[in-house]
Structure formats: C-alpha cells, structure tokens
Amino acid sequence: MSLLRHVTLPLIGQNPVTLQILGICSALAVTTSLTTALTMSVALTAVLCASAAIISLIRRHIPSTIRLIVQITIIASLVIVIDELLKAYAFEISKRLSIFVGLIVTNCVVLGRAESFAMRNPVLPSVLDGLGNGLGYSLILMTVGAVREFFGAGTLFGRAVVDLKADGGWFQPLGLMQLAPSAFFIIGLLVWAIRSLRREQIEPADYSLAVKEAGR
Amino acid sequence: MRGGVRAERVHLMASPLALWRQFLARPNDDRVKTYGVAIIVAFACALVISVTSVRLKPLQEAHLAAERSARIEAMLDTLPGMRELMETTGVTALETRMVKLSDGSIASGIDTVSFDAVAASEDPEDSIAIPPDADVAGLKRRENHAPVYLLERDRELMLLVLPMRATGYQSTITAMLALEPNLRTVAALTITGHGETPGLGARISEPEWTALWRGKEIADESGTILIEVVRGGQATGPHQVDGLSGATRSSNAVGAMLSFWLGDLGFGPFLDRLESEGI
C-alpha cells in the first residue's frame with residue numbers, strides 16, 4: 001500500500017507543475033489542443049518511468065563525480081528514441097509537437113526525479129515515483145489543454161462540441177486561449193485554486209515589506 | 001584488506017565475468033570505474049539510438065515522401081486551371097526527370113525515388129563546392145544532379161517544378177518552385193520543410209506569404225536574375241516580394257534560394273537548354 005503513495009502523492013499534493021513549478025515551458029507550448037497535450041504527457045511519462053528504472057538499476061555504480069552527465073545521457077537517449085518512434089508511427093502529431101519532444105531532455109521534472117529519487121531508491125518505487133510524477137504533469141497538461149482547446153477553438157480532441165458562430169451557431173472562440181499567455185493564466189489560476197484548498201502548499205514569504213516611517 | 005585479497009583471487013581466474021565483477025566491486029570514486037562507467041553508458045546509449053534510428057528510418061522516410069507528394073498535389077490545386085489541364089492531357093501526376101545541373105542535360109540511370117539531395121551534396125564524388133561569393137543560399141556544396149518535375153502536353157512544357165533549398169536563420173529551408181512555361185514567371189512557391197522559429201521565421205511556410213510569390217518574374221528578358229525580398233510593404237514591380245517583419249533572415253533566405261537555384265550553379269543551364277531546345 002505504501003508503494004502506491006509514490007503514485008498518488010505527486011498527483012495533487014506534490015504536483016511537479018503546480019507545487020514545484022517545473023516543466024512550465026512545455027506546458028505552455030503543447031497545450032493548445034488535447035491531442036498534442038496527451039501525446040506529450042504519454043511521451044514524458046514514458047521517459048520518466050524508463051529513466052527512473054535504468055538510473056535506479058545502476059545507481060550503486062554511478063560515480064558521484066559524473067552522475068549528472070550519466071543521468072542526462074540516459075534521459076537524452078530515451079528522448080531521442082521516443083522522438084524517433086513518434087516520427088515513425090505518429091508523424092502528424094510529431095510535426096505538431098515539433099521540438100518539444102526533444103526538449104523533454106531539459107524538462108526539470110525528469111532530471112529532478114532522477115537526481116532526487118531514482119538515485120537513492122530501488123527500482124520499483126523509482127518507477128512508481130516516475131509514473132506518479134508523469135501522471136501529475138499529465139493531469140495539469142490535460143486540464144490546461146482541455147480549457148484552451150474548448151474556449152479557444154470550441155473543440156475537444158479535434159471534435160466540435162459546440163456550434164461555432166462561424167458555422168451559424170452561438171459560440172465565439174476566444175483567440176487568446178490559443179496563444180501562450182493563456183496557459184500562464186490557467187496554470188496560475190490552477191495554482192491559486194489548489195493552494196486555496198490545500199493551505200499547507202502556500203510557501204512562506206521570502207521577505208516582508210517594512211512600513212516606511214512617516215517624515216523620512 | 002579483505003577486498004584486496006578477493007580482488008587478487010578474482011584476477012587469477014581472469015575470466016571475463018570475473019573481470020566484470022572485479023570492475024563493479026571497485027569503489028565508485030575510483031578513476032578506472034569512473035572512466036569505465038562513462039564509456040559503458042555512452043556506448044550502450046549510442047547503440048540503442050543507432051539501432052532505433054536505423055530500424056525506423058524506412059518508416060520515417062515513407063512519411064516524408066508522402067508529405068512531399070502531398071505538397072506538390074496541394075500546390076497543383078492552387079494553380080488555376082491546372083487540374084483541368086491534367087485531366088485533358090490524361091496525366092495524374094507530374095513526371096520526374098533527373099537533371100545534370102552542370103550542363104542541364106537529362107541524366108538517366110539515377111533512381112528518382114530514393115534520391116537524397118542532401119546526402120548527395122555531402123558526397124565529394126557527387127557534388128561540387130560552391131565558391132563562397134556565389135553561395136548566396138549558404139549551402140557550401142551542391143549536388144551534381146537534381147530531380148525536376150514537369151507537366152507536358154504534345155511535347156510542350158506546361159509546368160515545371162524545381163526542388164530547392166537554402167540555409168535560413170537556424171535551419172535548412174526546402175521548397176518547391178513551380179514555373180510557368182516561359183520559365184521566368186512563378187506559378188507557385190511552396191515551402192516543404194524548415195525548422196525556423198515557430199511564430200516568426202516559421203511563417204514563411206504560410207500560404208498568405210507564399211501566395212505573394214505567384215506571378216512574380218524571376219528574371220528579365222535577358223535572363224538576369226532580379227528577384228529579391230524587400231522590407232515588408234515596400235515591394236514594387238514584378239521582381240520584388242514583401243519580406244515578413246520579424247522574419248527578415250528567413251524570408252531573405254527564400255529570396256536567396258530562388259536566386260541561387262535559378263542561377264548558373266543551380267538550374268540555370270537546364271532552363272537555358274529548355275528555352276533553346278525544348279524538352
């Protein structure tokens with residue numbers, strides 16, 4: 001039972017995107033539609049699980065002086081393999097994701113979990129931790145993607161769900177939702193919502209404003 | 001001390017497995033182990049990537065080839081009257097010929113389907129170095145042969161499509177240029193591939209911009225190439241095209257690409273031969 005904690009905790013409680021604010025760059029770029037968000041989520045979760053497994057398996061033999069570069073080499077190789085697979089079997093989607101699959105290498109979620117968890121834990125908990133963090137990232141991506149695609153284009157997974165004004169219906173798509181800033185707004189609102197419900201996530205302020213004395 | 005004794009005993013056995021165990025038993029901060037782990041990880045990763053890449057290459061190339069022909073098809077659809085013309089001539093697709101670029105003659109014996117222009121341009125046997133002052137498209141080398149796609153009716157050329165490429169702001173831009181039978185007027189331009197900055201340089205592939213090229217004159221009557229990309233909104237005359245603001249280098253590269261590939265080092269000799277001798 002305690003192993004399952006590794007999967008459930010990063011979903012909301014320790015979510016890599018909303019609590020640790022990691023992986024924001026790709027969360028902005030690929031969430032204009034649910035299809036790309038889902039593909040990216042699957043790709044990242046696969047890389048996270050596989051890298052966690054491999055790194056955890058050889059963790060006792062990774063010299064600490066070169067541990068980061070060994071981790072990055074393994075992660076980068078997995079990302080290239082995933083990218084090649086997408087290009088071969090999901091060509092259209094790989095074109096829409098363009099460089100962002102390749103940029104999974106620089107996604108802090110992956111290296112962060114490798115360095116802080118997989119390097120110190122056995123294979124099974126590491127894989128479950130990778131799966132949990134991947135699902136946590138996916139949850140946010142899918143939420144943002146659903147909001148942006150619905151309000152921005154009136155579709156979900158590319159299928160029309162409301163009648164667009166252009167086709168004689170009532171729904172006027174909100175163009176802003178298809179632009180990158182809207183992802184910032186939605187993630188910001190999500191962080192606000194989660195931290196309002198779970199007050200333990202609120203970080204203490206780094207400094208407080210001093211009141212200026214009158215007359216000086 | 002125990003470790004040392006064991007290591008010695010293992011060494012005496014000297015089988016590969018024992019050597020491997022001995023290697024793993026070394027402390028992690030040991031220099032041999034550090035180098036060893038680095039080499040093994042690098043080698044294993046390289047092996048995995050190479051195998052995946054080689055195994056998947058045919059599938060990926062099939063996608064790219066399908067996309068290229070879809071682009072040509074889409075370009076044909078934008079040309080007014082082209083579909084009707086193809087129907088009356090009874091052809092469903094353009095004809096592909098290999099051209100020897102140096103003298104513009106048709107080359108036989110080269111498979112057009114598997115021809116890879118970039119690979120050919122990197123092969124010293126099958127390419128020439130471009131003199132730096134003539135290398136406006138930033139290609140460094142040019143292949144000796146190139147495919148051309150053409151549509152003819154009664155031995156008369158109706159449309160000529162030329163593949164070309166140039167170095168853009170951060171990637172290689174590939175394109176197809178369709179020329180009208182006078183070999184000077186652009187019938188259509190389509191960007192078939194690029195990796196320019198999304199939202200900026202990437203706009204060169206948008207139909208709004210490529211449509212600006214339609215009807216432009218590449219060269220004047222004497223054959224001097226005059227086509228150029230100018231700052232957005234300032235294009236005048238048949239030889240100038242508005243550049244994209246925020247994508248100056250990418251749109252200029254497209255202009256340079258046309259200048260290079262229609263010039264003496266590109267399809268120039270082929271176009272001259274077409275003009276004087278026909279197909």
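Scope of the values below: all heavy atoms of this structure, side chains included, with no hydrogens, waters or symmetry mates. So you know, we letter chains A, B, ... as the sequences are listed, proteins then strands, and number each from 1.
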**Study point:** CA sep, side-chain torsions, deciding dist, call: Leu56(B), Leu85(A), side chain to side chain contact (heavy atoms under 4.5 Å, CB included)
**Key:** CA-CA 7 Å; Leu56(B) 295 179; Leu85(A) 282 171; 3.7 Å; yes
Exercise for review: Identify the residue among Ile80(A), Val81(A), Ile74(A) that makes a side chain to side chain contact (heavy atoms under 4.5 Å, CB included) with Val48(B).
Suggested key: Val81(A)
Practice item. Go through the atoms of Thr65(A) and report whether side chain, backbone, both or neither lie under 4.5 Å from a heavy atom of chain B. Key: side chain
Review point. Can you find a heavy atom in the side chain of Phe91(A) that is under 4.5 Å from one in the side chain of Gln60(B)?
Key: no
Point to revise | Beyond-backbone contact of Ile62(A) with Asn28(B), side-chain heavy atoms, under 4.5 angstrom | key: no
Exercise for review: Decide whether His61(A) and Lys33(B) meet the rule of one side-chain donor and one side-chain acceptor closer than 3.5 Å.
Suggested key: yes
Check your understanding: Between CG of Leu59(B) and NZ of Lys87(A), what distance do you get to the nearest 0.5 Å?
Key -> 13.5 Å
Review point. Going from OG1 on Thr52(B) to CG on Asp83(A), what distance comes out if it is rounded to the nearest 0.5 angstrom?
Key: 11.5 Å
Looking at [X], I'd like to know if its [atom1] atom is crowded, meaning that more than 12 non-hydrogen atoms belonging to other residues, nucleotides or ligands lie closer than 6.0 Å.
| X | atom1 | answer |
| --- | --- | --- |
| Ile21(A) | CD1 | yes |
| Tyr169(B) | OH | no |
| Phe150(A) | CZ | yes |

Exercise for review: Between chain A and each of Ala66(B), Pro27(B), Ser53(B), Cys45(B), count heavy-atom pairs under 4.5 Å; write down the option with the most.
Suggested key: Cys45(B)
Check your understanding: Looking only at heavy atoms, which two atoms of Thr34(B) and Ile66(A) are closest? And how far apart?
Key -> O-CD1, 3.5 Å
Check your understanding: Is any side-chain N of the basic residue among Lys95(A) and Glu67(B) closer than 4.0 Å to the acidic one's carboxylate O?
Key -> yes
